[in-house]
**Student:** 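First the structure, which I've put down as structure tokens, then a few questions once you've had a look.
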Amino acid sequence: METSMGVWLALLLGLFPALGWLLWWWNDLWYALPLKFRYSSTGTRLPPGHLGFPFLGEMITFLWYFKFLRRPDEFINSKRRKYGDGEGMYRTHLFGSPSIIACFPSITKYIYRSGDVFIVKWPNVDLMGKTSLGAVHGKAHARIRSYVTNAINRPDSLRRIAVHVQPRMVAALQSWAHKGQLKGYSEVKKVTFENIGKLFVNFEPGPGLESMDKLFNGLLKGIRAQPFNVPGFAYHHAIQCRKKLEAIFRVELEKKKKNGNGVETTNDLMDGLMQIEDDEGKKLSDQEIVENIIGLVVGGYDSTALSSTWALYFLAKFPNVLEKLREENMAACKNKKGEFITSEDLSRMKYTANVVEETIRMANIAAINFRLATREVEYKGTNLDYNSRNVIEIKSDIIWVHIYAGYKIPKDWKVILWIRYLHTNPENFDDPMCFNPDRWNKPAKPGTFQVFGGGSRICPGNMLARLQIALFLHHLSVGYKWELVNPDAGIIYLSHPIPVDGVEIKFSKI
Ligand code: HEM
């Protein structure tokens, strides 16, 4: 009896570690092992790394660094320590897919430029709409994109937008001074949404806009959530929000159609989308118009609001920067006699532009970006002198020569472009965690600054975002002073980086 108990105990004790080992290597055995066999004869291999547990992959490790330790860059640093540089590529399993992480400028640049092979694949893209700019490909993408870029990212449109957005910014800052103490993030969000509402669909501030703001917040939360369409889950709630938003925009679209099909109405973004025609004179369908408006608000709303909020935070932490910024902005409005600043004025304000670039570099709103490999790709790196990479090793008196033949990116694997690490890696930016706008007096090293993504998908709102932040900095610096209520507040990194207190500030007129 005692003997059989002992056998069972030994079996159990052996079984648990064996099971643990199997689970730990499950995804590697399932996804990577067959590929390793296939590649062994070619001399190429998968990038180093670990795919982790079934279904979860390395999600727990990712959350450990991003959510619990709140040291997001250690996620990549720990891989570099464990596996070496690996050309800035590591295999992993994240967000439900086997993936290759790309975190060095050379490889991210290569992926962005090879847009025909590495296509965009956002998680939960159905929430934005299957016909929205971020979801469509090829001709459909080019057609909508060229219109959107013209409407929001070219000098003449920016000139017009600069005039439109300033009154709301000025009014918002005045109301902040009346309040005295406020949460920067929620206040910046309000004014950003009011401006976007006006520019995109000619909506005026009021209760209608406020409830839409709530719906968009619900939608945004779902985009970053696990896609469980079950009541109580963020994704399910986001679908409900999306349906309501769609209904609101459809009503607006019908109104515009009645008032002359968008031709002589308000000249907002929806009017413009109603006018686009392809080579055969075909216009966008109602569904395409509505989904693109939703997609553009999703792309441009929180990202711009978060960046402006980070500007408030950094300027409070670095008063020397605020002083220089104020000096330049005061000088710019010396001869203005009450008129607003223009986009031309801004183009001459070098230091303000530097503060904008440094803010968006350090804010790292889009920490990662996704692509999907539509075919198998061999990446040999940028240094063509492969011989210098071959490794000679002497083991047990035998000379082993490891021939470097590059890494494979397997077909149908995701590529996760780790943009954040480009901006926080000291090899790319000196003293990267220091807010130093003067570093932009000379251009960044090639490929190291990719806040807005790259290639044919580069953010079409990048100049609009810069403009809005610069205008905000202008009115803020010339008229107000503020301090952080909790200067030592920790920072949360998921779903987006923001100080835990939402940047609570004491705010007053100068
Ligand atoms: C600081 C603010 C912003 C940041 C950091 C940001 C960042 C990004 C990034 C990283 C991408 C992915 C690019 C790629 O896949 O290569 C993107 C795409 C996009 N962004 Fe932005 N963005 C910002 C502001 C805006 C604004 C103001 C708008 C519009 C009003 C906008 C609309 C879009 C759209 C529609 C796409 C998809 C483009 C496509 O697939 O062709 N973004 N953005």
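Order of appearance sets the numbers: ligands from 1, and atoms from 1 within every ligand. Because the structure is predicted, anything quoted here is derived from the model rather than measured. Computation of the quantities below employed the complete heavy-atom set of this structure, encompassing side-chain atoms and omitting hydrogens, waters and symmetry-equivalent molecules.
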**Student:** Taking atom types as modelled, is there a side-chain donor on Tyr112 or Asn369 under 3.5 Å from an acceptor on the other?
**Tutor:** yes
**Student:** List ligand 1 atoms under 4.0 Å from Gly134, heavy atoms only on the residue side.
**Tutor:** 40 (O)
**Student:** Measure centre to centre between the rings of Trp418 and Tyr90, then say whether the value is under 6.0 Å.
**Tutor:**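 No, the ring of Trp418 stays outside the 6.0 Å limit from the ring of Tyr90, centre to centre.
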**Student:** Can you find a side-chain donor-acceptor pair between Lys350 and Asn354 that sits under 3.5 Å?
**Tutor:**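 Yes.
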**Student:** Show which atoms of ligand 1 fall inside a sub-4.0 Å distance from at least one heavy-atom site of Thr304.
**Tutor:** 27 (C)
**Student:** Give the atom numbers and elements of ligand 1 that come within less than 4.0 Å of a heavy atom of His141.
**Tutor:** 39 (C), 40 (O), 41 (O)
**Student:** Does a donor on one side chain and an acceptor on the other come within less than 3.5 Å for Glu323 and Asn320?
**Tutor:** no
**Student:** Will you find, in the side chains of Tyr185 and Asp302, an N or O donor that is under 3.5 Å from an N or O acceptor?
**Tutor:** yes
**Student:** Which word best sums up how the rings of Phe314 and Phe435 line up, parallel for under 30°, tilted for 30 to 60°, or perpendicular for over 60°?
**Tutor:**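 The rings of Phe314 and Phe435 lie parallel, inter-plane angle below 30°.
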**Student:** Which option out of His137, Arg371, Met128 puts a heavy atom nearest to atom 15 (O) of ligand 1?
**Tutor:**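 Considering heavy atoms of His137, Arg371, Met128, the nearest to atom 15 (O) of ligand 1 sits in Arg371.
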**Student:** Does a donor on one side chain and an acceptor on the other come within less than 3.5 Å for Asn77 and Tyr421?
**Tutor:**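 Yes, a side-chain donor-acceptor pair sits under 3.5 Å.
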**Student:** Consider ligand 1: state whether an atom of it lies below 4.0 angstrom from any non-hydrogen atom of Ser307.
**Tutor:**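 Distance cut 4.0 Å: Ser307 passes for ligand 1.
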**Student:** May I ask you to say whether Glu357 pairs ionically with Arg466, meaning some side-chain N is under 4.0 Å from a carboxylate O?
**Tutor:**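 Yes.
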**Student:** Which residue supplies the protein heavy atom nearest to atom 12 (C) of ligand 1, what is that atom called, and how far is it?
**Tutor:**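 Going by distance alone, atom 12 (C) of ligand 1 is nearest to Asn369 ND2, 3.7 Å.
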**Student:** I'd like to verify the contacts: list protein N, O or S atoms under a distance of 2.8 Å from atom 21 (Fe) of ligand 1.
**Tutor:**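 Those protein N, O or S atoms (cut-off: under 2.8 Å from atom 21 (Fe) of ligand 1) are Cys459 SG.
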**Student:** Between Phe472 and Trp176, how do the two ring planes meet: parallel, tilted or perpendicular, split at 30° and 60°?
**Tutor:**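 Phe472 and Trp176: perpendicular rings.
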**Student:** Are Tyr407 and Tyr379 near enough that their ring centres are under 6.0 Å apart?
**Tutor:**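 No, ring centres 6.0 Å or more apart.
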**Student:** How far is atom 40 (O) of ligand 1 from its nearest protein heavy atom, and which residue and atom name does that atom have?
**Tutor:**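 Heavy-atom neighbour on the protein nearest atom 40 (O) of ligand 1: Arg457 NH1, 2.9 Å.
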**Student:** Output the list of atoms in ligand 1 that are nearer than 4.0 Å to some heavy atom of Ile152, sorted by atom number.
**Tutor:** 29 (C), 30 (C)
**Student:** Consider salt bridge (charged side-chain N to carboxylate O under 4.0 Å, His left out). Of Arg242, Arg250, Lys130, which one does Glu291 pass it with?
**Tutor:** Arg242
**Student:** Does a donor on one side chain and an acceptor on the other come within less than 3.5 Å for Asp126 and Tyr235?
**Tutor:**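 Yes, Tyr235 and Asp126 have a side-chain donor paired with an acceptor closer than 3.5 Å.
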**Student:** Among protein heavy atoms, which sits nearest to atom 7 (C) of ligand 1, and what does the distance come to when rounded to 0.1 Å?
**Tutor:**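 Heavy-atom neighbour on the protein nearest atom 7 (C) of ligand 1: Val451 O, 3.7 Å.
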**Student:** Check each atom of ligand 1 against the heavy atoms of Gly454 and keep those under 4.0 Å away; list them by number with element.
**Tutor:** 16 (O)
**Student:** Side chain, backbone, both or neither: which part of Arg145 comes within less than 4.0 Å of ligand 1 when only heavy atoms are counted?
**Tutor:** side chain
**Student:** As a check for students: among Trp122, Phe118, Phe370, Phe200, identify the option with a heavy atom nearest to atom 30 (C) of ligand 1.
**Tutor:** Phe200
**Student:** Is the closest heavy atom of Tyr301 to ligand 1 under 4.0 Å?
**Tutor:** no
